[in-house]
Amino acid sequence: MKYSLVVIFIGLTFSFLIKPERIFNVKHVQPDSLQTVRLTFVGDIMCHGPEFESAKVAADSFDFRPMFGAVKNFLSSSDLTFGNLETTIAGKNFKYSGYPLFNSPSALLYALKDAGFDILFTSNNHCMDRGEKGILNTIKKIRDNSLSYAGTNESQHDRDSIRTFDVHGIKIAVLAYTYGVNGNYIPKNAGYLVNLIDTLRIKNDIRSARAKSIDVILVYFHFGMEYQRQPNSYQQEIVKHAIAYGANIIIGSHPHVIEPVQYFQSKDRNFPEGIVAYSLGNFISNQRWRYSDCGVILNLTLTKNIISKRVSISKTDFIPTWVFKGKAVKENEFIILPSDTSEYPPPAYLSKADKRKLTESFADTENLLRPSNDEKIFAK
């Protein structure tokens, strides 16, 4: 089932500056005059203690792949798939743990790569849970698993480099920021470790990307109030600033529940219609209560006219998800399931109570993201 989303229009201006850039050549340019790229986004990828215990297959051996098996096709079919890695991968010497100081086995990254992920947002309130060493080890392990990252950095040069992905001739810059790090100490001589939300920094980073002839500015924010299903004034203010500076796609997380997805209009002649998803909820976690046991897979198809250089969001759809915890093959498994039972029949291992929660989750997501009849929407 495909869904249209609520629309907002905001007219704003743009400006420019030059800095280094990092380029990843992902696909060859197609010979057509119209190029397309499909982007997929999910919310918080958490790893509470019960999750890594359920993934344990032997002493210090873990397999997280079954958690993502039911949604793997949705993730791997896109050109680029993004998620918020809300844990450190600091190594077993730091001891594995869940809340409040996360550190997860590197097998989680292997499973994310296997499921189809390409880029992990790493700037969030838990990225400093194991200090500077934890950030550096996490970056190394992400690279070891052939994944990319945005939001934390191993050096000032890394911080000043723009993550740029060239897909089918569409050049996408990825920027990521967090509101804070739970009060954890960031060394004064290593402020580059984490991209904190700062409007001047965001403005200059977007200028740097624009100066490199970027087609799409994608900005991730870790912000908002936990468990609130509507964006607060701080989120709205930061989003307005980002749009004013030139952001085209804005993805958010941190509330651990889904918040609205809205379109906006800017003065960027080459990408006049953008989109903001304030929070995509929990993709995987041990938060079992209503609204936090679900998330959404957001898909955006971008089309670029290589003659006019104009880029548009040619298709938008989303797949509501729900996290099952129970016995499928073994006890206390975690499995992400699509929650639309009209398209995806629930698996036989679900109990009646599980099925009720699954359908309730779907209804909650649909009611939040599908606009009412009196709201103006784009025909996608």
Side-chain angles (χ1 to χ4, degrees), residues 1-10 34-43 71 73-84 116-119 121 165 167-168 170 172-174 215-221 229-231 235 239 242-243 246-253 257-266 268 270-281 283 294-305 310-321 338-340 342-344 362-380:
M1 184 178 294
K2 301 297 172 60
Y3 304 85
S4 297
L5 302 172
V6 183
V7 181
I8 267 186
F9 291 93
I10 306 174
L34 292 180
Q35 313 285 24
T36 63
V37 59
R38 181 177 169 89
L39 308 180
T40 293
F41 303 91
V42 306
V71 293
N73 287 343
F74 305 133
L75 307 173
S76 60
S77 60
S78 285
D79 293 298
L80 291 177
T81 297
F82 303 76
N84 169 46
F117 282 91
D118 300 289
I119 304 163
F121 302 124
F165 300 83
V167 190
H168 302 314
I170 300 177
I172 304 168
V174 179
D215 296 303
V216 182
I217 304 291
L218 192 163
V219 182
Y220 166 80
F221 289 124
R229 300 181 72 218
Q230 293 293 328
Q235 289 170 278
V239 164
I243 296 170
N248 304 118
I249 299 171
I250 301 171
I251 303 295
S253 73
V257 294
I258 300 168
E259 292 183 345
V261 179
Q262 301 170 335
Y263 294 99
F264 61 82
Q265 191 171 47
S266 74
D268 182 359
N270 289 333
F271 199 142
E273 177 188 299
I275 195 167
V276 52
Y278 281 99
S279 174
L280 296 179
F283 188 55
C294 63
V296 63
I297 300 172
L298 176 66
N299 300 306
L300 303 178
T301 300
L302 308 182
T303 298
K304 176 184 176 182
N305 186 313
R310 185 183 178 94
V311 180
S312 63
I313 301 173
S314 53
K315 184 179 181 182
T316 305
D317 62 84
F318 62 91
I319 302 165
T321 59
S339 60
D340 183 357
S342 68
E343 287 202 24
Y344 312 103
F362 173 73
D364 289 338
T365 301
E366 182 184 28
N367 291 337
L368 181 70
L369 296 184
R370 186 176 66 180
S372 60
N373 292 332
D374 61 347
E375 290 174 313
K376 186 177 180 182
I377 62 173
F378 286 117
K380 290 296 181 187

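Because the structure is a prediction, the values reported are computed rather than measured.
A distance of 10.0 Å separates CD of Gln230 from OH of Tyr278, quoted to the nearest 0.5 Å. To the nearest 0.5 angstrom, Leu75 atom CG is 8.0 Å from Ile319 atom CD1. Rounding to the nearest 0.5 Å places CZ of Phe318 at 9.0 Å from CG of Leu298. Atom CZ of Phe121 is separated from atom CG of Asn84 by 8.0 Å, given to the nearest 0.5 angstrom. A distance of 8.5 Å separates CD1 in Ile170 from CG in Leu39, rounded to the nearest 0.5 Å. Note: Asp118 CG to Phe165 CZ = 8.0 Å, rounded to the nearest 0.5 Å.
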- Task: Go through the steps for Asp215 and Leu302 under the test side-chain contact (heavy atoms from CB on, under 4.5 Å), then give the verdict.
- Result: CA-CA 10 Å; Asp215 296 303; Leu302 308 182; over 6 Å; no
- Item | Leu80/Val174 under side-chain contact (heavy atoms from CB on, under 4.5 Å): CA gap, chis, key distance, verdict | CA-CA 11 Å; Leu80 291 177; Val174 179; over 6 Å; no
- Task: Kindly indicate, with the supporting measurements, whether the criterion side-chain contact (heavy atoms from CB on, under 4.5 Å) is fulfilled by Ile275 and Val261.
- Result: CA-CA 7 Å; Ile275 195 167; Val261 179; 3.8 Å; yes
- Message: Assess the residue pair Cys294 and Asp364 against the criterion (side-chain contact (heavy atoms from CB on, under 4.5 Å)); give the C-alpha distance rounded to whole Å, side-chain angles, the decisive distance to 0.1 Å, and a yes or no.
- Response: CA-CA 9 Å; Cys294 63; Asp364 289 338; 5.6 Å; no
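Here the side chains of Thr316 and Tyr263 are in contact, with some heavy-atom distance below 4.5 Å. Using a 4.5 Å heavy-atom threshold, the side chains of Ser253 and Leu280 count as separate. The shortest distance between side-chain heavy atoms of Phe221 and Gln235 does not fall below 4.5 Å. With contacts defined as side-chain heavy-atom distances shorter than 4.5 Å, the pair Ile217/Phe271 does not qualify.
Among residues two or more places apart in sequence or in another chain, the side chain to side chain donor-acceptor pair (under 3.5 Å) test is passed with Ser76 by none. Scanning for side chain to side chain donor-acceptor pair (under 3.5 Å) contacts around Ser78 gives Arg38, Thr40, with sequence neighbours left out. Applying the ring-ring contact (aromatic ring centres under 6.0 Å, His included) criterion to Phe41, with sequence neighbours excluded, gives Phe82. Partners of Ser279 by side-chain contact (heavy atoms from CB on, under 4.5 Å), not counting sequence neighbours, listed by chain and number: Pro255, Glu259. Arg310 is linked by a side-chain contact (heavy atoms from CB on, under 4.5 Å) to Pro272, Ser308, counting only residues two or more places apart in sequence or in another chain.
No donor-acceptor pair closer than 3.5 Å links the side chain of Asn248 to the backbone N or O of Gly274. Checked by atom type and distance alone, the side chain of Thr321 pairs as donor or acceptor with a backbone atom of Gly295 at under 3.5 Å.
In this pair, Tyr344 and Phe74 present their aromatic rings perpendicular. The plane angle is above 60°, beyond the 30 to 60° band.
Heavy-atom minimum distance, His168 versus Thr36: CD2-O, 2.9 Å.
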